[in-house]
Colleague: 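What follows is a single structure, and I will ask about it in a moment.
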Amino acid sequence: MTLKIYGIAASRASRPLWVAHELGLAHEHIALPYQGGATRTPAFLALNPNGHIPVVDDNGVLVWESMACALYLAGRFQSEGAEPLAAVNHAEQAEILRWSFWAVTECEKDALTFLMHTVAMPEERRKPQLAQEAERRLLPALRVLDQHLQTRRFLAGERFTVADICVASVLAWVQRSGELNAHCPRVSAWLARCLGRPAQQEVRALARRDSGRNL
């Protein structure tokens, strides 16, 4: 059987797809949208009873929740000639876990609000005030990350890991933020390094191919 990743790239499925492209994993990308009932069919609900993408199917081992998918793939696979995305010691594992969960608990909700009310929703439905409020709420968390990056190039140290994928996939939604760029220059520079990686560009190309579907 083939490793399968379900979900359009213009969604949280971008996270496991980014890991797969970083590691050069042979996989089948099933570009399933999350709208129109595609995730509510009996066949898909057998994969994820929550009815959400992404889902990773690793020869019958099913993983859902996008961060879990990314962490699973990074820990499960290592490509010859590529640096591991998973931890190689306990200190790295601590950084990977804490920053990945931090992105979900401290950043994701407000980052998504900012994205939706600046670029993602039709202009007539956007509420700039909601975007501004979300931006202000994010700033203390981003300052924590900015301080962390004072002594390192990436989140777990000097090498790129799955922690950078998990966090950058969330903070990409606020890359246009004036507050981020003005007050957290190290975060801004780190984010540019992450999003400029060839594997991320490949995933973005997939997302553009999915452009006929909604985010």
Side-chain angles (χ1 to χ4, degrees), residues 10-19 22 52 54 64-72 74 85-87 89-123 125-197 199-200 203-204 207 215:
S11 75
R12 290 178 177 87
S14 64
R15 295 163 187 171
L17 287 168
W18 189 351
V19 173
E22 286 283 350
H52 301 308
W64 24 264
E65 295 300 326
S66 60
M67 295 295 190
C69 292
L71 292 168
Y72 173 82
L85 293 177
N89 54 50
H90 292 308
E92 284 188 356
Q93 181 71 347
E95 298 286 13
I96 287 170
L97 290 175
R98 70 175 184 165
W99 287 109
S100 298
F101 284 96
W102 173 89
V104 174
T105 59
E106 300 292 337
C107 300
E108 188 168 36
K109 180 180 178 181
D110 286 321
L112 183 58
T113 297
F114 180 88
L115 175 72
M116 297 302 291
H117 290 281
T118 53
V119 296
M121 289 198 303
E123 192 168 357
R125 293 176 54 198
R126 297 177 198 167
K127 297 179 180 179
Q129 182 180 352
L130 293 182
Q132 292 165 7
E133 290 170 355
E135 191 176 39
R136 283 196 296 270
R137 287 192 299 268
L138 274 170
L139 189 55
L142 295 180
R143 282 178 166 149
V144 169
L145 180 56
D146 201 69
Q147 179 66 28
H148 178 73
L149 289 167
Q150 188 173 9
T151 58
R152 58 191 67 208
R153 183 170 173 80
F154 293 107
L155 296 188
E158 292 305 305
R159 72 181 186 88
F160 183 83
T161 69
V162 67
D164 299 287
I165 291 176
C166 289
V167 180
S169 67
V170 173
L171 296 189
W173 297 343
V174 294
Q175 191 179 24
R176 301 167 183 261
S177 165
E179 294 289 316
L180 167 63
N181 294 316
H183 297 288
C184 303
R186 285 183 287 267
V187 174
S188 184
W190 160 83
L191 187 58
R193 285 195 294 275
C194 294
L195 298 182
R197 293 177 67 85
Q200 169 58 198
V203 175
R204 288 193 171 196
L215 271 171

Colleague: Stepwise, does the side-chain contact (heavy atoms from CB on, under 4.5 Å) test hold for E22 with L85?
Modeller: CA-CA 8 Å; E22 286 283 350; L85 293 177; 3.8 Å; yes
Colleague: Between atom SG of C166 and atom CD of E108, what is the distance when rounded to the nearest 0.5 Å?
Modeller: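 Those atoms lie 10.5 Å apart.
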Colleague: Identify the two heavy atoms, one from A70 and one from V162, that lie closest to each other, and give their separation to 0.1 Å.
Modeller: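 Of all heavy-atom pairs spanning A70 and V162, the closest is O-CG2, 3.7 Å.
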Colleague: Could you grab the distance from atom CE of M116 to atom CH2 of W173, nearest 0.5 Å is fine?
Modeller: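 Here the rounded value is 10.0 Å.
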Colleague: Would you compute the distance between atom CG of L155 and atom CG of L145 and round it to the nearest 0.5 angstrom?
Modeller: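 Rounded to the nearest 0.5 Å, the CG-CG separation comes to 6.0 Å.
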Colleague: A quick test of your reading: do over 12 heavy atoms of other residues, nucleotides or ligands sit less than 6.0 Å from CD of Q175?
Modeller: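 More than 12 within 6.0 Å, yes.
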Colleague: Does either side chain, that of R12 or that of S66, offer a donor lying less than 3.5 Å from an acceptor on the other one?
Modeller: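 Their side chains do not contain a donor-acceptor pair, so the 3.5 Å distance test is not met.
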Colleague: Testing the basics here: between C69 and W64, what is the closest heavy-atom pair and its distance to 0.1 Å?
Modeller: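 Heavy atoms of C69 and W64 come nearest at SG-CA, 3.8 Å.
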Colleague: Looking at W18 and S169, what are the two nearest heavy atoms and their distance?
Modeller: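 Smallest interatomic distance, heavy atoms only, reads CZ3-N, 4.2 Å.
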Colleague: Does a donor on one side chain and an acceptor on the other come within less than 3.5 Å for Q147 and R143?
Modeller: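 Side chains of Q147 and R143: no pair found under 3.5 Å.
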Colleague: Indicate whether the side chain of W102 and that of E106 have a donor and an acceptor atom separated by less than 3.5 Å.
Modeller: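 Short answer, no.
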Colleague: Check for a donor-acceptor pair, side chain of R15 on one end and backbone N or O of I165 on the other, with a separation under 3.5 Å.
Modeller: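 Absent.
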Colleague: Has Q129 got more than 12 heavy atoms of other residues, nucleotides or ligands less than 6.0 Å from its CD?
Modeller: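 Atom CD in Q129 is not packed in, count stays at 12 or less.
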Colleague: When rounded to the nearest 0.5 angstrom, what is the spacing between CD in E135 and NE2 in H183?
Modeller: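 If we round to the nearest 0.5 Å, E135:CD and H183:NE2 are 8.5 Å apart.
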Colleague: For D164 and T161, indicate whether the former's side chain and the latter's backbone hold a donor-acceptor pair under 3.5 Å.
Modeller: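 Here the side-chain-to-backbone pair exists.
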Colleague: Please give me the minimum heavy-atom distance between L180 and V187, naming the atom from each residue.
Modeller: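 It is CD1-CG1, 3.4 Å.
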Colleague: Let's go through Q200 and R204 carefully: what are the C-alpha distance in whole Å and the side-chain angles of both, what is the deciding distance for side chain to side chain donor-acceptor pair (under 3.5 Å) to 0.1 Å, and is it a yes or a no?
Modeller: CA-CA 6 Å; Q200 169 58 198; R204 288 193 171 196; 3.0 Å; yes
Colleague: For R98, look at atom CZ and say whether over 12 heavy atoms of other residues, nucleotides or ligands are found less than 6.0 Å away.
Modeller: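 Enclosed: over 12 neighbouring heavy atoms sit under 6.0 Å from CZ of R98.
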Colleague: With side-chain contact (heavy atoms from CB on, under 4.5 Å) as the criterion, how do V174 and L191 come out once you've worked through the C-alpha distance, each side chain's angles and the decisive distance to 0.1 Å?
Modeller: CA-CA 10 Å; V174 294; L191 187 58; 5.7 Å; no
Colleague: Test your reading of the model: is there a side-chain donor-acceptor pair from S100 to the backbone of L97, 3.5 Å cut-off?
Modeller: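 Checked: no pair found.
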Colleague: Looking only at non-hydrogen atoms, find the nearest pair between A74 and V19 and report the distance.
Modeller: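 Minimum heavy-atom separation between A74 and V19: N-CG1, 3.9 Å.
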Colleague: Could you walk me through whether M67 and F101 pass the side-chain contact (heavy atoms from CB on, under 4.5 Å) test, one step at a time?
Modeller: CA-CA 8 Å; M67 295 295 190; F101 284 96; over 6 Å; no
Colleague: With F160, which of R193, R197, R153 fulfils side chain to side chain contact (heavy atoms under 4.5 Å, CB included)?
Modeller: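 Testing each of R193, R197, R153 against F160, the sole residue satisfying side chain to side chain contact (heavy atoms under 4.5 Å, CB included) is R197.
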Colleague: Mind checking the OG-CG spacing from S188 to L171? Nearest 0.5 Å is all I need.
Modeller: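 Separation between the atoms: 10.5 Å.
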Colleague: Nearest 0.5 Å, please: how far is CG in D110 from CZ in R137?
Modeller: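 The CG atom of D110 is 4.0 Å from CZ of R137, to the nearest 0.5 Å.
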